[in-house]
There are 2 protein chains.
Amino acid sequence: MASIKDVAAEAGVSVATVSRVLNSHPSVSPAARTRVVAAIESLGYRPNAVARSLRTDQTRTLGLVISDVLNPYFTALARSVEEAARALGYSVIIGNADERPELQDHHVRTLLDRRIDGLLVSPTDGGSPLMLDTARSSTPMVFVDRWIPGVDVPVVRADGREAIRDLVAHLHAVGHRRLAIIAGPAATTTGSERVEAFREALRGYGIPLPDSYIGQGDFQADSGRRATERFLALPQPPHVIFAADNLMALGALDAIRAHGLRVPDDIALAAFDDIPWFVHTDPPITAIAQPTGDLGRAAVQALVDRIEGRQPRSVTLPARLVVRRSCGESPTDQRSNT
Amino acid sequence: MASIKDVAAEAGVSVATVSRVLNSHPSVSPAARTRVVAAIESLGYRPNAVARSLRTDQTRTLGLVISDVLNPYFTALARSVEEAARALGYSVIIGNADERPELQDHHVRTLLDRRIDGLLVSPTDGGSPLMLDTARSSTPMVFVDRWIPGVDVPVVRADGREAIRDLVAHLHAVGHRRLAIIAGPAATTTGSERVEAFREALRGYGIPLPDSYIGQGDFQADSGRRATERFLALPQPPHVIFAADNLMALGALDAIRAHGLRVPDDIALAAFDDIPWFVHTDPPITAIAQPTGDLGRAAVQALVDRIEGRQPRSVTLPARLVVRRSCGESPTDQRSNT
DNA sequence: ATCCTCCGTGTAATCGATTCCACAAGGAGG
DNA sequence: CCTCCTTGTGGAATCGATTACACGGAGGAT
């Protein structure tokens with residue numbers, strides 16, 4: 001592959017002049033510029049980003065470590081992050097942690113080794129030593145979706161509290177009184193917060209949330225299946241299962257179906273995170289939708305602010321309830337289908 | 001961030017010795033090695049991958065350009081590619097083309113600028129000049145899923161021909177005679193092949209495939225919606241719609257639902273690409289499943305073979321039909337629900 | 001005519017690693 | 001005791017860019 005020296009030779013100038021042309025530095029004569037441009041063209045030259053990064057100490061690359069690429073919520077987030085980054089002239093390298101802390105650490109380390117300009121993380125756990133070190137280090141960092149309490153890093157996320165209150169109101173209006181939740185890992189903020197918000201909303205109606213109605217999941221379909229099995233084996237099974245993410249809802253649906261039960265007549269189901277398929281499941285599933293596009297944009301903006309020396313603030317955006325048919329209907333509910 | 005010089009100073013040796021320790025070169029005395037390891041530890045030193053890449057002319061990074069991250073088929077593929085690559089000590093940078101050729105070119109260019117060691121591509125179109133140049137260039141390349149005819153690059157893909165024949169046999173047995181297809185872009189191999197295989201299978205039963213029964217899609221949900229609208233507006237609408245990917249099936253389902261029709265009683269639906277949600281749609285959808293895990297592994301293996309100087313061959317794996325309820329049932333069909 | 005500016009350009013240092021080559025020390029063999 | 005080889009080590013070149021600095025020439029001011 002042609003290097004800057006080849007271009008210089010071809011154009012009959014020094015490498016400095018070629019570099020000036022590449023970086024559109026003003027002091028290059030029109031004649032020289034023309035010759036350089038022609039040489040670049042004829043050699044099909046492209047600057048070596050590796051060499052450039054070494055010299056300038058910036059890669060124009062952002063790292064994004066997400067918890068699970070197979071989760072449609074995170075792929076939507078990843079897509080919007082990439083889009084926003086591209087608009088600002090940055091590339092994105094995605095690391096998929098598969099909800100495994102050691103894999104998350106692997107990606108963080110690899111990204112740091114590559115000297116990415118900034119790191120966007122949706123932490124899988126409460127914070128490994130590596131993650132805490134990184135947060136304290138000079139590499140700009142921003143948490144997205146999930147965060148680690150006590151770590152001084154801006155957070156961009158959606159607040160589901162309000163939407164969960166709406167959901168509980170809806171469930172109560174329909175007539176449900178025995179409500180269960182499949183939680184995410186307690187080590188993640190989204191894992192614990194959603195349970196807390198749910199419990200609090202229930203309290204508003206004087207409904208308790210017994211331990212037997214809290215299933216421990218890990219945001220994967222299988223755990224949703226297992227938690228649901230356990231609920232169904234209870235002497236008093238719940239009327240409603242609220243899954244803290246879409247994959248666990250899928251698992252719950254699997255289990256419910258395996259038991260030959262119908263939704264919502266035998267048991268109702270709701271999920272955190274809305275995905276296109278929820279419109280077409282049997283029945284369409286009531287869910288809480290997060291503004292993934294806005295989250296991605298805000299996260300990139302915050303990170304680039306840090307990179308460029310500005311001081312970003314945390315951003316919290318509202319999530320909203322989308323009522324479908326999986327929880328039954330009350331006379332007062334007006335239906336919304338999209 | 002500490003550099004190799006700092007480590008050398010701390011350990012009281014030269015940078016050469018530190019480098020030897022880093023690369024586990026044999027001729028370093030145990031004493032020196034110990035001191036270097038201690039220095040690395042105490043400084044928290046991590047080698048700069050950018051500098052290393054510049055010198056060694058290898059990045060231990062693979063590029064993967066896929067057509068659409070939001071398509072679960074491609075995210076599954078991306079995940080298995082990353083996994084296989086990691087096992088061989090490579091990182092993967094994913095570029096999402098969103099089915100847009102210019103975006104695909106953007107990613108290819110960026111990846112090439114970063115001097116990735118090899119490129120995995122699922123081309124969005126018939127081959128831009130850049131793509132053709134790249135195929136001819138010295139950068140190792142392998143096509144995955146889709147390919148570009150006439151370009152001398154190994155291809156790793158699934159062959160759906162057999163499964164499509166099985167699908168048509170199933171549809172015929174159920175009693176369907178008016179079969180339509182929503183095709184992908186003709187510029188993609190998967191776009192045209194699936195139509196061809198479908199047409200050929202129909203021919204086996206003496207059933208024609210009129211142009212009005214071929215919807216032009218672009219692998220996105222919206223196009224599935226539009227094609228379905230057109231089918232339903234026909235004087236003789238089809239009995240069955242076969243969508244050439246899962247997103248267009250989603251769009252078709254949207255349109256069918258908007259018309260107040262029921263699947264499979266009013267119209268049957270089948271899709272290429274199986275995804276977990278198809279088990280829970282109303283009704284569960286008959287689909288053709290590709291072995292994404294094997295595809296990803298085989299693609300990485302082929303690419304790494306090329307990188308390391310071996311001569312890989314193309315790989316074609318079989319896809320298989322998964323019958324569910326969206327096409328109705330014949331007495332002779334034995335049902336399979338997973 | 002002389003001096004000063006400014007402009008365009010080239011030389012060379014630099015980023016952080018790897019690696020060729022030279023060299024010193026020590027042991028083996030004659 | 002001298003030579004030769006092995007082993008461990010350091011100096012310095014190198015990868016491909018960017019950029020500080022020096023310099024020569026043109027043009028304007030005096």
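Numbers restart at 1 for each chain; the letters A, B, ... are given by sequence-line order, proteins then strands. None of these values were measured; they are calculated from a predicted model.
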Going by salt bridge (charged side-chain N to carboxylate O under 4.0 Å, His left out), name the residues that satisfy it together with D6(B), two or more places apart in sequence or in a different chain.
none
Quick one: salt bridge (charged side-chain N to carboxylate O under 4.0 Å, His left out) partners of R55(A), sequence neighbours excluded?
none
Heavy atoms under 4.0 Å, any strand shown: does [X] hit a base, just sugar-phosphate, or nothing?
X	result
S19(B)	base
V13(B)	sugar-phosphate
D57(A)	nothing

Taking only distance into account, with no hydrogens and no angle test, what donor-acceptor pairs under 3.5 Å do side-chain atoms of residues 45-52 of chain A form with protein atoms, sequence neighbours excluded?
residue: R46(A); atom: NH1; partner: D113(B); partner atom: OD1; Å: 3.3
residue: R46(A); atom: NH1; partner: D113(B); partner atom: OD2; Å: 2.7
residue: N48(A); atom: OD1; partner: V50(A); partner atom: N; Å: 2.8
residue: N48(A); atom: OD1; partner: A51(A); partner atom: N; Å: 3.2

Are [X] and [Y] linked by a side-chain donor-acceptor pair shorter than 3.5 Å?
X	Y	result
E83(A)	N96(B)	no
R115(B)	S53(B)	no
R114(B)	T59(B)	no

Within residues 25-47 of chain A, those residues having any heavy atom closer than 4.0 Å to DNA chain C are S27(A), V28(A), S29(A), A32(A)
Every protein N/O lying under 3.5 Å from an N/O of nucleotides 20-27 of chain C:
none

Pairing residues for [X] by the side chain to side chain contact (heavy atoms under 4.5 Å, CB included) criterion, not counting sequence neighbours:
X	result
A11(A)	V13(A), R35(A), V36(A), A39(A)
V315(B)	V156(B), A298(B), L317(B)
V37(B)	V21(B), R33(B)
T316(B)	R157(B), D159(B)

In whole angstroms, how far is the [atom2] atom of [N] from the [atom1] atom of [X]?
X	N	atom1	atom2	value
R60(B)	dT18(C)	CZ	P	13 Å
Q58(A)	dG16(D)	CD	P	21 Å
N23(A)	dT18(D)	CG	C1'	7 Å
R114(A)	dA17(C)	CZ	P	15 Å

Strictly by salt bridge (Lys or Arg N to Asp or Glu O under 4.0 Å), give each pair with a member in residues 125-137 of chain A just once, sequence neighbours left out.
D133(A)-R136(A)
To the nearest 10 degrees, the angle between the two end axes of the helix from dA1(C)-dT30(D) to dG30(C)-dC1(D) (five pairs per end) comes to 60°
Please confirm whether the shortest side-chain N or O distance from T17(B) to OP1 or OP2 of dG10(D) is below 4.0 Å.
yes
Considering only nitrogen or oxygen atoms on both sides, find all protein atoms under 3.5 Å from nucleotides 13-15 of chain D and state each distance.
residue: dT14(D); atom: O2; partner: R55(B); partner atom: NH1; Å: 2.8

